[in-house]
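When reading the values below, keep in mind they use all heavy atoms of this one structure, side chains included, and skip hydrogens, waters and symmetry mates. Start at 1 with the first residue, then count along the sequence.
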Amino acid sequence: HSYMFLCAAELQSRYPEQAYRCSNRGISGYTLQELEERWERDVEALRPDLISILIGTNDVDRALRKGGFDVAAWEVRYRNYLTRTREAFPEVRLVLCTPFVMQAGRLARTENYAERTDAVAACAEAVRRLAKEFGAELVDFHALFERLERAGKTKPEYWVWDGIHPTPAGHHRMARLWLKRVM
């Protein structure tokens, strides 16, 4: 049901001769720490040619519930994860996606929405730096949803129903952007 499902459908239907095998290991609600904990099972065991990562929103959410988010520490941890991955798979193609939020649903009503958007924007900037540092493709979902919100043609809930999770229309836009940047 996600943008990655739509990407897999497009790749497999457009290029059947390539026999693409797509494995979506993303788990809603997971953080960078949980991604690291699953590295052996979700990365090493699969020996992928391409790894696409979208992480950060849940890290911000959990940290804000405890008082604050340290983006510098998060970036160091993410860099260490990418270094580990590059060392194990020097030829792997990395795709880093920026996290995003929209002022929609339950998030629009939270007292710390401004702090949340600032923290997610800082994460997105960190991902942009890491993409350059690691020679990764950058898929800027943060910029995509900012553009959609600024366009004002629809309410933010049209794209992201609760401020974090995309609707089918949001997933479709994400898939289009991912395919444009990666293929």
**OP:** Start with the C-alpha gap between Asp118 and Phe69, add the side-chain angles, then the distance that decides, and say whether side-chain contact (heavy atoms from CB on, under 4.5 Å) holds.
**Re:** CA-CA 10 Å; Asp118 290 347; Phe69 180 70; over 6 Å; no
**OP:** List the steps and the verdict of side-chain contact (heavy atoms from CB on, under 4.5 Å) for Leu6 and Arg176.
**Re:** CA-CA 9 Å; Leu6 298 172; Arg176 283 179 36 195; over 6 Å; no
**OP:** State, to 0.1 Å, how close Pro16 and Ser13 come at their nearest heavy-atom pair, and which atoms those are.
**Re:** CD-O, 3.6 Å
Subject >> Minimal non-hydrogen separation, Met183 against Tyr15, with atom names >> reply: CE-CE1, 4.3 Å
If the condition is salt bridge (Lys or Arg N to Asp or Glu O under 4.0 Å), which residues does [X] pass it with, not counting sequence neighbours?
X	result
Arg14	Glu10
Arg62	Glu34
Glu37	none
Glu149	none

Subject >> Residue pair His142, Glu146: steps toward the side-chain contact (heavy atoms from CB on, under 4.5 Å) verdict >> reply: CA-CA 6 Å; His142 187 265; Glu146 279 188 331; 3.2 Å; yes
If you measure from [atom1] on [X] to [atom2] on [Y], what distance do you get to the nearest 0.5 Å?
X	Y	atom1	atom2	value
Cys97	Arg181	SG	CZ	11.0 Å
Arg79	Leu130	CZ	CG	5.0 Å
Leu177	Phe145	CG	CZ	9.0 Å
Arg128	Leu138	CZ	CG	7.0 Å

Is there a path of hydrophobic side-chain contacts, each under 4.5 Å between heavy atoms of I, L, V, M, F, W or Y residues, that connects [X] with [Y]?
X	Y	answer
Val95	Val92	no
Val182	Val127	no
Trp161	Leu148	no
Met4	Leu94	no

Please tell me if the side chains of [X] and [Y] come closer than 4.5 Å, counting only heavy atoms from C-beta onward.
X	Y	result
Tyr78	Cys123	no
Asp162	Leu107	no
Leu82	Leu96	yes
Arg106	Thr110	no

Original post:
Should we count CD of Glu91 as having more than 12 external heavy atoms under 6.0 Å?
Top reply: no
Original post:
For atom CZ of Phe5, is the number of surrounding heavy atoms from other residues, nucleotides or ligands below 6.0 Å larger than 12?
Top reply: no
[X]: what forms a side chain to side chain donor-acceptor pair (under 3.5 Å) with it, not counting sequence neighbours?
X	result
Trp74	Asp59
Arg84	none
Asp61	Arg65, Arg116
Gln103	none

Original post:
Considering the options Val101, Thr31, Val120, Val71, which one meets the side-chain contact (heavy atoms from CB on, under 4.5 Å) requirement together with Val60?
Top reply: Val120
Only pairs under 3.5 Å count here: list side-chain donor-acceptor contacts from residues 42-57, not counting sequence neighbours, and write none if there are none.
unit_1, atom_1, unit_2, atom_2, d
Asp42, OD2, Arg38, NE, 2.5
Asp42, OD2, Arg38, NH2, 2.5
Ser52, OG, Trp178, NE1, 2.9
Thr57, OG1, Phe100, O, 3.3

Validation: residues 150-160 side-chain donor-acceptor distances under 3.5 Å, sequence neighbours left out:
unit_1, atom_1, unit_2, atom_2, d
Thr154, OG1, Trp159, NE1, 3.0
Glu157, OE2, Gly105, N, 3.0

Original post:
Restricting to pairs with a member in residues 166-175, which pass side chain to side chain donor-acceptor pair (under 3.5 Å), not counting sequence neighbours?
Top reply: none
Give every donor-acceptor pair under 3.5 Å between a side-chain atom in residues 18-28 and any protein atom, sequence neighbours left out.
unit_1, atom_1, unit_2, atom_2, d
Asn24, OD1, Gly26, N, 2.9
Asn24, ND2, Ser2, OG, 3.3
Ser28, OG, His165, NE2, 3.2

Original post:
Judged by atom type as modelled, is there a donor-acceptor pair below 3.5 Å linking the side chain of Asn112 to the main-chain atoms of Glu115?
Top reply: no
Subject >> Ion pair Glu133/Arg129, N-O distance below 4.0 Å >> reply: no
